[in-house]
Structures are given as structure tokens and as C-alpha cells.
Amino acid sequence: MLIKKRTGIEIPSSEITPEHLYHSRRQFMKGAAALSASALLAAACSPQAADVPRGSADSGDAADQAPGEVSTTTDELGDPLNDYDDVISYNNYYEFTTDKDTVAFMAEDFVTSPWQVEVGGMVRNPGVYDIEDLRTKFDQEERIYRLRCVEAWSMVIPWMGFPLSKLLAEVEPFPEATHVRFETIYDPEQLPGQKRGGFKWPYVEGLRLDEAQHDLAILATGLYGKELLPQNGAPVRLVVPWKYGFKSIKSIVKIELVDYQPTSLWMDAAPNEYGFYANVNPEVPHPRWSQATERRIGELGRRETLKFNGYEEQVAGLYAGEDLRENF
Ligand code: MTE
């Protein structure tokens with residue numbers, strides 16, 4: 001069942017663009033983006049080069065898919081949704097490649113069905129969920145969130161999914177459980193990046209239990225009214241909008257309730273650069289670049305980065321009294 005539910009400030013229905021106007025506006029924007037794209041430099045894959053301007057990338061077949069219906073054209077701050085083509089063609093998915101512009105191509109044949117997610121650890125009701133169970137058992141909602149990458153680029157994405165808290169409620173964590181640990185599929189034959197050294201595969205992420213239970217944290221199964229494509233983490237991924245994008249782990253096969261702070265792939269690779277919390281914070285620079293501003297994909301110029309990525313009102317209470325520099 002599809003529930004259209006927005007978080008944050010509600011946009012009056014009078015301001016929602018009717019679908020036919022929305023689509024013709026998209027066609028117009030596509031044309032404009034293609035024009036400006038030719039004048040822009042391509043983005044490079046390294047974080048150091050992340051603030052190079054870019055427009056729409058042409059990633060071949062996947063980018064030709066038309067997006068489905070969404071309820072509005074902006075987020076609650078009034079910022080336009082990113083173009084569907086950008087969302088599916090500019091990606092971080094190191095298991096395929098570190099080149100954002102070719103992830104979609106590399107991931108084209110990734111098998112996402114059948115797919116199961118094991119949910120266990122310190123819970124009363126452990127279980128193995130088929131992806132279809134997750135799609136039908138939990139009402140799928142639209143959530144329009146800003147995604148702020150630690151590399152200082154961002155997008156506004158209309159996700160489809162359901163609150164992680166609903167799944168957690170069903171498995172009933174034991175009182176001793178303090179954290180949730182997530183794992184991406186490990187399959188080096190399909191994910192050639194996992195054959196490369198330098199990282200401890202599979203990709204692992206973690207949240208404190210109270211963070212995981214916050215209503216803004218969702219498991220996404222789609223975007224722009226369509227099922228997720230492999231490059232975006234099909235068939236199911238985490239989305240935690242107040243944290244840097246690397247916390248939003250893709251293609252999840254395992255969710256475990258534990259009584260320790262999990263070590264993520266990035267903490268393991270570079271503990272002085274990537275902390276467990278990774279809350280978006282313009283006041284705490286990455287050791288190698290500032291986090292004060294960001295480039296919204298598809299825009300020229302930079303915008304100020306918002307504390308907790310603009311979700312401060314909703315999530316600051318989770319960290320009351322904590323030192324956000326120490327807990328970076
Ligand atoms: N999950 C896995 N398994 N592997 C990855 O490389 N990259 C992360 C995150 N989840 C990543 C991942 C990073 S750095 C970002 S910014 C987001 O996915 C990007 O999501 P998107 O490609 O859908 O925009």
C-alpha cells in the first residue's frame with residue numbers, strides 16, 4: 001500500500017504541481033540541464049574533487065527510464081527535487097567502482113531478486129524477510145529528503161520506503177540491545193570492488209538504537225515512485241537524512257541488534273576521518289576539507305550546509321548534552 005506522507009512542513013495542495021505540468025516542466029528542465037551540462041566540467045570521483053560543478057550525466061539505458069509519480073516538486077524548504085537522471089546516474093557504490101558516473105553502468109546486471117534480509121541478534125523475534133514481505137508488510141511512504149554526502153555534494157530525493165522503527169518494533173529488541181548493525185551483501189563475483197584491497201568488506205554501518213528508532217530513519221525500497229535501481233542500493237537500503245550519506249548503507253542483507261557500537265567500513269578504513277556518528281555538521285570540518293558549504297547537484301555555486309542537514313529541530317534532542325566534535 002502506498003501512503004503519501006511528507007515529513008517536515010506540509011506544502012499546501014494548491015502548491016503541488018499537477019502531474020501533467022510536472023512532467024512537461026521536467027522535460028523543459030532536462031533540456032536546460034543538457035545545455036548547461038556541456039558547459040560544465042565532469043565531476044571526478046575523489047572527495048577532494050567533489051566540489052567540481054556538474055550537470056546531468058549521460059549514463060545510458062538506465063537514465064532513459066521515466067520516473068513515476070511523486071506528490072510535489074520540492075522539499076519542505078522549497079528546494080527543487082533533483083532530476084531523476086541525476087539521482088540514478090551520479091552514485092557512490094564502492095563495491096562496483098569509485099567512479100560515480102559509471103556506477104549505474106557497472107551495476108546494471110546486479111541481481112536483486114530473490115533477496116532476503118536477515119534480522120536478528122538481540123531480539124525476541126528474529127526473522128528472515130523476503131524483499132516482497134518488506135514491501136507489503138510495511139506501508140510504503142514517500143519521504144522527500146536531502147542527501148548530503150561527506151564529499152560536500154547533495155541532492156533532494158523523493159524516496160519510497162518505511163520507517164526502520166516499524167521493523168525494529170516487530171522483532172522486539174531486548175533491553176540490553178544498544179545499537180543496530182547493518183551489512184551489505186558480500187558477493188565479489190557480482191561486486192568486483194569487493195575483490196579490491198583497502199577496505200574490509202562487506203560494507204558495514206551502524207546506528208545507536210534510539211537513532212534507528214527515530215521516525216526520519218527509513219528503509220527505502222524505491223525512489224521517484226519506482227523501485228530502486230541497483231546503483232541506488234536495490235532492493236533495500238537505509239536512508240538517514242541528518243547524517244552524511246555514507247551512513248545510508250545500500251543493498252542490505254543483514255540487520256543485527258547488538259550491545260556495542262559497531263565499527264563501520266569507513267571507521268575501519270580511516271578512523272580519524274570518519275566517525276561513528278557522522279551527523280551533518282558545518283562547524284566540524286573533515287580533516288581534508290570544509291563541511292561549511294556544499295554543491296547541490298545540478299546547481300551552480302555553493303549553498304551553506306545546514307546543521308543536521310536541516311533536520312535539527314527533529315533530531316537535535318537525540319544528542320542533548322553531547323559534544324558533537326568528540327562524537328563526530
Ligand atoms: N553503501 C554501500 N554498500 N556502498 C557504498 O559505497 N556509499 C555511500 C552510501 N551507501 C555506499 C553505500 C555514500 S558515500 C553515499 S553518499 C550514498 O550511499 C550515495 O547514495 P546514492 O548513490 O543513492 O546517491
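Every heavy atom of this structure was used, including side-chain atoms; hydrogens, water molecules and symmetry mates were not. First listed ligand is number 1; within each ligand, the first listed atom is number 1.
Applying the 4.0 Å criterion to heavy atoms of T184 picks out, from ligand 1, the atoms 3 (N). Close contacts of ligand 1 with N91, meaning ligand atoms under 4.0 Å from a residue heavy atom, involve 21 (P), 22 (O), 23 (O). The distance from ligand 1 to the heavy atoms of E95 drops below 4.0 Å at these ligand atoms: 2 (C), 3 (N), 4 (N), 5 (C), 6 (O).
Nearest protein heavy-atom contact of atom 14 (S) of ligand 1 is N92 ND2, 3.5 Å. Here the protein heavy atom with the shortest distance to atom 21 (P) of ligand 1 is K250 NZ, 3.4 Å. Shortest contact from atom 17 (C) of ligand 1 to any protein heavy atom: G245 O, 3.6 Å. Remark: minimum distance from atom 23 (O) of ligand 1 to any protein heavy atom is reached at R237 NH1, 2.7 Å. With respect to atom 24 (O) of ligand 1, the closest heavy atom belonging to the protein is L147 CD2, 3.4 Å. The single protein non-hydrogen atom nearest to atom 16 (S) of ligand 1 is C149 SG, 3.4 Å, given as residue, atom name and distance.
The heavy atom nearest to atom 8 (C) of ligand 1, out of those in Y203, Y94, W266, is found in Y203.
Listed for the Q194 side chain is a donor-acceptor partner under 3.5 Å among the backbone atoms of D187. A side-chain donor-acceptor contact under 3.5 Å links Q140 to the backbone of F138.
Partners of P192 according to the side-chain contact (heavy atoms from CB on, under 4.5 Å) rule, which considers only residues two or more places apart in sequence or in another chain, are F96, M106. The salt bridge (charged side-chain N to carboxylate O under 4.0 Å, His left out) check on E322 picks up R208, with sequence neighbours excluded.
Checked against Y203 for a side chain to side chain donor-acceptor pair (under 3.5 Å), the options Y186, W266, Y93 give a single hit: W266.
Between the side chains of S154 and R148, no donor-acceptor pair of N or O atoms lies under 3.5 Å. Counted by atom type alone, K100 and N91 present zero donor-acceptor pairs between their side chains at under 3.5 Å.
In terms of polar-atom proximity, S248 is counted as a contact of ligand 1, with an N or O under 3.5 Å from an N or O of the ligand.
Not a single heavy atom of E205 lies less than 4.0 angstrom from ligand 1.
In summary, the aromatic rings of Y94 and W201 are positioned with their centroids too far apart to meet the 6.0 Å limit.
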